[in-house]
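Down below is the structure, laid out as C-alpha cells.
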Amino acid sequence: MPRPIDIILENRLKKLTQLEEAGISGFPNDFVPDSDTRTLHARFDSATQEALEAESARFRVAGRVMTLRNMGKACFFHFKDRLGSLQAYVRKDVLGEEQFERFTLIEVGDIVGVTGKLMKTRTGELTLMAESVKLVTKALRPLPEKFHGLQDVETRFRQRYVDLIMNDWVRELFVTRSKIVSYIRSFLDGRNFLEVETPMMHAIAGGAAARPFVTHHNALDIDLFLRIAPELYLKRLLVGGLERVYEINRNFRNEGLSHKHNPEFTMLEFYWAYATFHDLMALTEELLSGVFTALRGEPAIEIGGKRISMAPPFRKLPLADSLSVVGGLPADKVTDRDYLAEVLRRNEVEVIPAWGLGKLQVEVYDKLVESRIEEPTFIIHHPVETSPLSRRNNENPEVVDRFELIVAGREIANAFSELNDPRDQKARFEEQMKARDAGDEEAHQVDWDYVRALEYGMPPAAGQGIGIDRLVMLATGMENIKEVILFPLLRPEVAELDTEEPAES
RNA sequence: GGGCCGCUAGCUCAGUCGGUAGAGCAGCAGACUUUUAAUCUGCGGGUCAAAGGUUCGAUUCCUUUGCGGCUCACCA
C-alpha cells in the first residue's frame with residue numbers, strides 16, 4: 001500500500017515520462033531568458049493595452065509555476081523568478097493542438113520558460129501572452145498550499161529551499177542580509193581596510209572566552225580547534241604591518257543553542273592601527289547609521305513595533321555608572337563588593353568567592369542592565385579583570401578602554417583599544433591559565449606565539465567585533481537567530497522512509 | 001540542560017468529554033478561450049510523531065522517547 005504522497009510523486013513522474021516518450025526533455029538547459037519579471041513590470045505596468053498591442057517586442061522569461069488556472073482551451077498561470085512574479089496567458093489557438101497538449105502536462109511547481117508578447121487582462125494585470133511555454137525543469141514534488149504557503153517552522157528551517165520558494169519575505173530577508181554585508185565591505189574598503197582570511201582551524205583556540213569544537217587532522221595526527229575568534233591572527237597582521245584589516249567570517253562555539261545562539265555564527269572583526277576605541281565609536285556610529293539609512297532611508301530600526309533611532313551620536317555610559325543609571329543601584333554602592341554580591345544573590349546568581357570587584361560589576365550588569373537598554377548605547381570602560389586582551393585606561397588602570405554597543409537590549413558590537421605591551425599580555429595569559437587550571441573551561445588558552453608576535457611590536461591599535469547575525473536580526477526585526485541564517489543547525493532528521501522509491505503499483 | 005507548549009492527508013487547519021477521523025488547497029476523472037485563493041460535477045487519499053501502559057475499546061487519558069517552538073540558564 002503506497003503512502004498518499006507516493007501517489008502524488010508517481011503522478012508527477014508519469015507526466016515527465018509522457019513528455020520524455022514524446023522526445024521532450026524534462027530538464028533541458030537551452031532556455032535563455034532575455035528579461036525578468038521585475039523589469040517587465042517596471043517597464044510596462046503603466047502601459048495601456050493599446051500601447052502593448054502596438055509593441056512588437058517578444059520577451060523570454062523563466063520562472064517557477066506558482067498557481068495555475070486551466071479553462072480547457074486556455075489557461076492562466078503565475079510564475080515566479082528571483083525578482084518577482086508575472087502572469088502568463090496560454091491559448092490553444094495560439095500554441096496549436098500539439099503544443100497545448102504538452103503544455104497541459106505542466107503543473108504547479110515546474111519551472112518553465114515563457115516566450116510571448118505582453119498584454120493587459122480585463123482587470124489590467126500585465127500578462128505575458130504565451131506563444132510558447134517550454135518545460136525547463138520538472139518538479140517531482142508538490143509545492144505547499146498556494147494560499148497559506150509553508151508555515152511549519154521546522155520544515156521552513158530544514159527545507160529552506162521550499163521556504164524561499166513560498167515565502168517572499170524570507171527571500172527578501174536574505175537579500176537584506178547580503179546588502180548589509182556588502183555595505184560593510186564597501187564601507188571598510190573605502191577606508192582602506194584590507195579584507196583578509198585567517199585560519200578556521202586553530203591549534204590553540206584563542207581570542208574569546210568560549211568552548212571550542214575539536215576536530216582532527218589525520219596526516220599531522222593532531223587535534224585542532226575550530227576557531228572561536230579570529231582576533232589573535234588579525235592582530236598578528238598588525239604586527240606584520242598591514243595596519244588596517246578586517247575579516248567577515250564564521251566563528252564556532254561549542255555551546256548551547258538558543259534563539260540567540262547558533263553554534264556557527266558570522267562575525268565582522270576589524271583592527272585599525274594608530275586608532276583608539278574613541279575612533280571606533282565614531283566609526284561605528286557612522287557605519288550603523290549608514291547601514292540602516294541604506295536599508296530604510298532613515299537611521300532607525302523597528303523592533304517589536306517600536307522605532308529606535310540609530311542617528312549619531314550614541315549615548316556613552318561607563319559600565320560602573322550603568323549599574324546605577326540603568327540598573328537602579330545607589331550610585332555610592334557600585335564599587336561595594338559585599339553589596340554587589342548581595343544584589344547578585346538576590347537575583348539568583350551563584351557568587352563565586354574568587355570574583356573580584358570587576359567580575360561582580362559585570363555580573364550585575366549582565367543581570368540588571370543590558371536587557372534594559374533600548375537606545376543605542378556604548379557601555380565603556382569594562383573592568384580589566386574580564387578583559388584580558390584590552391588596553392588599560394591611562395587614567396584608571398582598573399578599567400580598560402573598551403566598549404560594547406547595546407541596542408534593544410542586545411550586544412551588537414564589542415571593541416577595545418588593543419593591549420600591545422607583551423609583558424602585560426603575558427601576565428594576563430598567565431592569569432587566564434590559572435583560571436583554566438582552576439576549572440574554568442572558557443578561560444583563554446595561552447598563545448605563546450601571539451606573545452612572541454607582540455614582542456616584535458604591534459602598533460597601537462583598536463579592534464572591534466560585530467555579530468553579523470545579530471545585526472541582521474536588528475535590521476529585520478527578527479527575534480530568532482535561525483530566521484537570519486539560511487541553514488541553521490538543527491538536530492538531524494530521523495531517517496525517513498521517504499528516501500525509498502515510490503512503490504510499484 | 002530546566003520549565004511550558006506543539007506534532008492529525010503533500011500543504012494549511014478542524015475534530016474526537018475514550019467507540020479507528022473531516023474541510024480547503026494540492027491530486028485523479030470530466031466541463032470550461034480574460035482567469036487571478038478561477039468556477040462547476042464526481043472520485044481517491046491517514047500507522048492522528050513513535051513505543052509502552054490503563055481500558056471491552058486509545059488518535060483522544062497516563063508514562064517514556066523523538067523532533068520543533070517559546071522561555072530560563074550559558075554565551076556573541
> Checking all strands, does S258(A) fall into the base, sugar-phosphate, or nothing category for heavy-atom contacts under 4.0 angstrom?
Replying inline: base
> Looking across every strand, which nucleic acid part, if any, lies under 4.0 Å from N254(A) by heavy atom: base, sugar-phosphate, or nothing?
Replying inline: nothing
> Taking atom types as they are modelled, is there a donor-acceptor pair under 3.5 Å from the base of U35(B) to the side chain of R69(A)?
Replying inline: yes
>> Ignoring hydrogens and geometry beyond distance, is the side chain of Q87(A) in donor-acceptor contact with the base of U35(B) at under 3.5 Å?
In response: yes
In whole Å, what separates the [atom1] atom of [N] from that of [M]?
N	M	atom1	answer
U55(B)	U20(B)	C1'	15 Å
U59(B)	C25(B)	C1'	24 Å
G2(B)	A21(B)	C1'	36 Å

> Would you call F265(A) stacked on A76(B), i.e. ring centres under 5.5 Å apart with the planes less than 30° off parallel?
Replying inline: yes
> So, is K367(A) near the phosphate of A73(B), with a side-chain N or O under 4.0 Å from OP1 or OP2?
Replying inline: yes
> Between H259(A) and U71(B), does any side-chain N or O lie under 4.0 Å from OP1 or OP2?
Replying inline: yes
>> Between E385(A) and G356(A) (side chain of the first, backbone of the second, donor and acceptor by atom type, cut-off under 3.5 Å), is there such a pair?
In response: yes
> Is it the case that Y89(A) and Q87(A) place a side-chain donor and acceptor less than 3.5 Å from each other?
Replying inline: no
> Do NZ/NE/NH1/NH2 and the carboxylate oxygens of D36(A) and R38(A) come within less than 4.0 Å?
Replying inline: no
> Dot-bracket, RNA chain B: Watson-Crick or G-U, under 3.5 angstrom, [ ] crossing, | other strand?
Replying inline: (((((((..((((.....[..)))).(((((.......))))).....(((((..]....))))))))))))....
> Listed by chain and number, what are the side-chain hydrogen bond (donor to acceptor under 3.5 Å, both in side chains) partners of S390(A), not counting sequence neighbours?
Replying inline: none
